[in-house]
Each structure stands twice: as C-alpha cells, then as structure tokens.
2 protein chains.
Amino acid sequence: MASLTAGNRRPVRLADIAKAAGVSHGTASNVFSRPEIVREEVRERVRAAAEAMGYGGPDPKGRLLRAGKVNAIGVATAEPLSYFFEDPFARVMMAGISQACDATGAGISLVSAANNEQLAWNIQSALVDGFIVFCIEGGSRLVELARERKLPFVALDLASEDGSVAAIGVDNIAGASMAARHLTDLGHRRFAVLALPFADGRTGLVSPEQVRVATYAGTRDRLTGYLQELSRVGIDISKVPVYETANDAASTKAGLETIFASEAAPTAILAMSDRMALVALEWLHARGLDVPSDVSVVGFDGVPEAKVSEPPLTTIAQPIVEMGRLAVKAILDSDGPVSRHQLPVELIVRASSGPPRG
Amino acid sequence: MASLTAGNRRPVRLADIAKAAGVSHGTASNVFSRPEIVREEVRERVRAAAEAMGYGGPDPKGRLLRAGKVNAIGVATAEPLSYFFEDPFARVMMAGISQACDATGAGISLVSAANNEQLAWNIQSALVDGFIVFCIEGGSRLVELARERKLPFVALDLASEDGSVAAIGVDNIAGASMAARHLTDLGHRRFAVLALPFADGRTGLVSPEQVRVATYAGTRDRLTGYLQELSRVGIDISKVPVYETANDAASTKAGLETIFASEAAPTAILAMSDRMALVALEWLHARGLDVPSDVSVVGFDGVPEAKVSEPPLTTIAQPIVEMGRLAVKAILDSDGPVSRHQLPVELIVRASSGPPRG
DNA sequence: CACTTTCGTTGGATCGATTCAATTTTTGCT
DNA sequence: AGCAAAAATTGAATCGATCCAACGAAAGTG
C-alpha cells in the first residue's frame, strides 16, 4: 500500500542506468570512478540517465565488497555509546584519535553497547578496518571479541599482560610513584587511595588478596606504584585504605564516606583518575574540609577539567592525545610486529596539594 | 618479502571452510547465522574447520551487500572530527543521539572533514542507513551532499527553508524574543548582539543587507526575534551593533573589542550561542567589567557548562538531548512524510543577567 | 509396505559494485 | 587511403556472504 507513491523502493543500480544510457556497466562504473577515461559525450549521457532515474551514485555497499577496505576505524568499549561524549578521559582520547583520522582521511565508527550480547554482535558486524579498544570495564572480553575478528586492533590504557596484543599505555607504576612521592615530599604520612576497578562489578575496600587476582593490571600497577613509594618512607601500607570504585560519582562518594568515617582521617588522597579526584574535591568542599590545607588530592590522567577545578588539581598527566594518535597509526600501518608502546607521564603540580597542617 | 611470515594474506572465506568441512556453502552459512537448523555433528565439524583455518566469522562486508542494512547511522558535519568531542553543543547533542542509538542497537559513524573534497567523498562512501546532518558551517553544501545519497536524512539545528528536507530545530524567533524580553523587562535599553554566522567564512559587523541574504535562516531568525522585542519597547534597532562571529573564541573576542570600542557601550549582550556567551563572560571579567552589574549576558543553547560558569549563565535552553533522540527516530522510521519538528525552548535565568546600573 | 511429513542439505541466484584482458573505435601519420 | 598506435568500450570474473526452491533421507502413519 505504501508502494502507491511512485510504486518503487529505489532499486536503481548502476546496471540500470548503464542499460538506460546504452553502455556497458563497466563504462557506467568508469563514469563515476574515473570520469576522465570516458568520452565526454558518453559521460554526459550516463550522467543524464543517472539524474533522470534518481541514481544516488555508486552504492558504497557494493564497492566495499570489491575494494576490501572500509576506510574507517572502530572504537570499541563496553560502555554505552554516550560514554564517548561524556567521560572526560574518553573525550580527550577521542580528540586525539580524531586528529589522526582527520589527517589520514579515515572515518570513525563508534562500536559499543552496555548489553553483553549486543556488544558481541556489534563487534562481529562492525564495518571497520581495525579496532581501538578502550579497556575500562569488561576489558578482557572486549579484547577477546576484537581478536576474533582477526582485524588489526590495539588496546588502549590497558596494561595487558598478554604480550601478543598490541597495546598503548603509560608507565602506571612510575606515574603512581611520582604522585605518591610528591605527597610524601610535602610531608604527608596518612594516605587513602581511591582506586579504579580491579575486577568488574564490585566496589568497596579491597584486600591484598583481591589485588593479587586483579583483572586489570593497570589498576594494580598504579596501586603498586603508590605503595612502593609509601613504604619507602616507612609507612605501614597495610593500614592504608584502598577503596575500589566504578570511576563514577556515586561510588567515589561512597568511598570517601568510608575513608573519612575512620578515626585517623587521611591528610592526602591518591585518586587513580581525575574524574574521581574531581568528585573528591567537590565532596571535601561540601564537607567543609579545605583543600589542600586539610586534605591534599592528587589525580591521574590530566584531563582538561583538572586545570579549572576549584582548586586546580595536581595530577599525573598522560599524553592522552598522543596515545590516540599512536593508536590510529598502529591500526593503519598494521603490518609490522605487534606494537606495544609505553608512554611517559608527567607530574603536574597545581593547588590541590600542599603540606599537611601542623 | 613481508609475505614470508606464514605466507598468506588471510583469504579465508566461508566457502573455504565449507569445502574443508565437506559441506555446501549454504550449510556453512547456516552454521553461523542459524546454528539451530543444522545437525549438531555437522555444526561441530564446520566450527572445527573454521577454528583450524583461523576463520574470523562471516565477514560483515559480504553480509552487508545481501542484507542491505548497515545498522548504523551517520552523523555529518563540515567540521573536523574532533568537533564532536570538543564543542559543548555537539557533545550534548551526541549524547542524545547515543541514547537513542543504544536503545535501538544502532551504531554511530562519524562522517566529517574540514576539507571540502574529502567531505564529499566521505559522505558519498559512508556506510550508513541514514544521516543526521549538523548544520553549522557549510550547512547547505552538507545537506546537498546528504540528499544526493538518497538515504533518509535529517537536518539538525537548521531552520531550513526548504520544506522538503526533514529537519529538527527549535523556535528560534520565540527563543530569541524571550531572551531579549528578559533583558528589556530588567530595564536594559543599550544592546549588542553576538551573532552566529549568517553566511560562510566572514565575520564582523553586519548590515541589514547581509542579513537579508543570509544563508543560515536560523541565525536570521534569532536576530529577528531579538530585534522584534527590542523595537517593541521603542529601541532604535538600526543602532544596535550586530557582530557576526565564527562561534569560536577568537572571533567572539574580536567582536567584543569592536562592540566595546564604541561610545555608548551596551549594558546587555545577546549571544546566539552559549559558547560565545561564555567567552564574553571571560572577556568582560578580564576587562574589569562586572557581570551583571556592568553588563548582562544572555546566551542561547543551554549547554551544561552554562550552569557552572562564573557567574552562571542566563540562557535560552534548547531540548538538545530530546532533539538528538528525535533525529535518530526520524532516520530509523523514515517511511512517513518528511518530519519537521519545531521544539520549544525555555528561558533559564541565572546570575549573568540583572538590572542595569542606576 | 507404500505414502506423506518433516528435517537437513544442496547449489544456484542475488546483493551492487570494480577490474582487467580483450576488442572495437578513433586518431595520427605518411 | 592505408596502417599503426592510442583511446574508449565491453563483458566476464570477482569480492563474501545470504536466501530459497528443490531435493534426498529419515521418521511417522494407515
């Protein structure tokens, strides 16, 4: 019934206009892809036929099959799609990826789903030349799915233990160590750690046992870096509360409640992400605690928001944009050996850290 | 030379494993797409063959051609790709689009290029089921290119005059009018307007003539709304400076310089975007002018940043997320007539506006 | 035991283009 | 005009899958 309107579902193929123009489909194809090699008169005839029949140009679906290359790279996470536009770290990373893609003319396909089954299907059916995998929650599954596609892929921000997967990350141990060192140098001795997930789906204070079996090596490495430095100055690290969050506001606040409920409240907080650190800043302010005179806070990541927070956040800056660029490069020239890059981080001292009171 | 390593460029097709497993390609296909209809023994044999030969599952490229649907929608702009992750308005809009896509399981393809030729090619070859077109700079060209693909598409944030293109926008005249009304009610009589582009590529004070031939009807409508209200209270609108910017920091600051260089500096600024308004806030502060006691500022868009600026920004909020959702819906059920939605806007009064001094 | 269902499998047709070797037409030159 | 070289055109093969009508075998029925 809907077909009453002009009665056709646009089945206009290149072959149709070739017939209409009285040329072979080979020639018709040339009119669009290499117009210079077909005689002007013929070219115009074909163009006119295309115009008349409402032909929208060669369908990329067809071309794709022959050409093999999609000219787009997929960026995958196990978060909902909006993660790409809402998470500060993801946004900066995507900006880096964008730059590299713009430079090479590649497109970006966002591949993602919070739902597990949907995610698998989306990865299996993504039309891309390769994947950049954001390893936050569900990282290992994601890597597994990407690997199954047998396309080039690179894991981001993951201290993957599996040397066979290409990965781009930072030196988490060194970075965390620098953060802790900065605070111990200032004289702090009572610490608390706001940790990223060690494994999927749980939050709360973590035990050494849980750290040992951590799924996420990156989280473990940062903790290792923190604790290494703390024990160096003689702090009993078994007394340092480590609260695992889901890197969102709610679980971070819960962590802060727990941490500050204890007798010996810390004078310094080591947060494994700027996102958590920024939440902490807000929470401390609401609680009437001054930063940095009551509590110092040091983040990790170096997102732009850290520059303009109240007070501006001391943090370990990752070369996020550069990582994004490298990732794209790794996909596009993915012939060589699996590329594993470990980039340096940098301590950026701002106003959220200072000597402890007294 | 590179082919020494195992000497093959992965030409493993479904047909290959079918042959290896001793079944027809039809059956092999079924093993992956409808496993329940093939006998277990056969299924396992095929699966084993696939595993052994390193087959990564049915290639979506092939499936696509047959299926016809990509299951992804393209979002197009004439800006570089990073625009999606850096512009506040775009980010909120993308969040809305993401939500709708998550809900329906569709993917998102970012289609964009600052370079003209590249842009055309990218749109022509994008593997998508439809386009959502961000009409900022280069809007008309973009719409033209999208139209040529003969795919469903919807223009966002564009008061397109051409009734044949689906579009989702807000009532720009009413919104602008509300903004101006708010300020006239407060007692303001000396105004300046920071305008979005009327046409591509130029900035500076605009003449009525330039307004008349504006490419962007949305910009013109907002101006109409402002001026309608101003003349209603008896202001000589020919004296109101209207400075056209490129909606970036540089040209906005240039506009402010121009505006405040004049004898009778305005007591109120009407900015056609929050982005400009926020730049204005900063510029005025740096210049030593207090907002709102020296100058009131009212923006347009309602981006999240407006809530936390110093001072918080009075603005006309668009239902950005809702627009994103509607756009996706328009693409996905694109059978009906071209859908043109005009959504309402809302005046949000914050601290950046107040009565003029004296 | 013949006869109908049901189930699993087969292989050809199709999706919409590009490519390339072969062929035809045009051009250029004497 | 005659012939070689250059340019334009043709059409079959290919890309990698899915779909479906037809068919053979096994199971069920009188």
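Residue numbers start from 1 in every chain, and the chains themselves are labelled A, B, ... in the order their sequence lines are given, proteins ahead of strands. A quick note: this is a predicted structure, and the numbers were derived from the prediction, not measured.
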Can you pull out the residues from residues 121-129 of chain A that lie within a 4.0 Å heavy-atom distance of DNA chain C?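 None - not one residue of the stretch has a heavy atom sitting under 4.0 Å from the strand.
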Taking [atom1] from [X] and [atom2] from [N], how many angstroms apart are they, rounded to a whole number?
X         : N       : atom1 : atom2 : value
Ile37(B)  : dT10(C) : CD1   : P     : 12 Å
Lys150(A) : dG16(D) : NZ    : C1'   : 17 Å
Glu36(A)  : dT9(D)  : CD    : P     : 13 Å
Leu65(B)  : dT18(D) : CG    : P     : 12 Å

Main-chain N/O of [Y] paired with [X] side-chain donor or acceptor, under 3.5 Å:
X         : Y         : answer
Arg149(A) : Ala126(A) : yes
Asp129(A) : Asn71(A)  : yes
Arg45(B)  : Ala21(B)  : yes
Ser29(A)  : His25(A)  : no
Arg325(A) : Gln99(A)  : no
Arg340(B) : Val165(B) : yes

For a quick test of reading the model, state the closest non-hydrogen atom pair linking Pro80(B) to Ser112(B) and the distance between them.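 Taking every non-hydrogen atom into account, C-OG, 3.5 Å.
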To the nearest 10°, give me the bend of the helix from dC1(C)-dG30(D) to dT30(C)-dA1(D), comparing the axes of its five terminal pairs at either end.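 Rounded value for the end-axis angle: 40°.
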Does dT9(C) have OP1 or OP2 under 4.0 Å away from a side-chain N or O of Thr27(B)?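 No.
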Annotated protein contacts, base or backbone, on nucleotides 17-27 of chain C with a non-hydrogen cut-off under 4.0 Å, one of B, S, - each: BBB--------
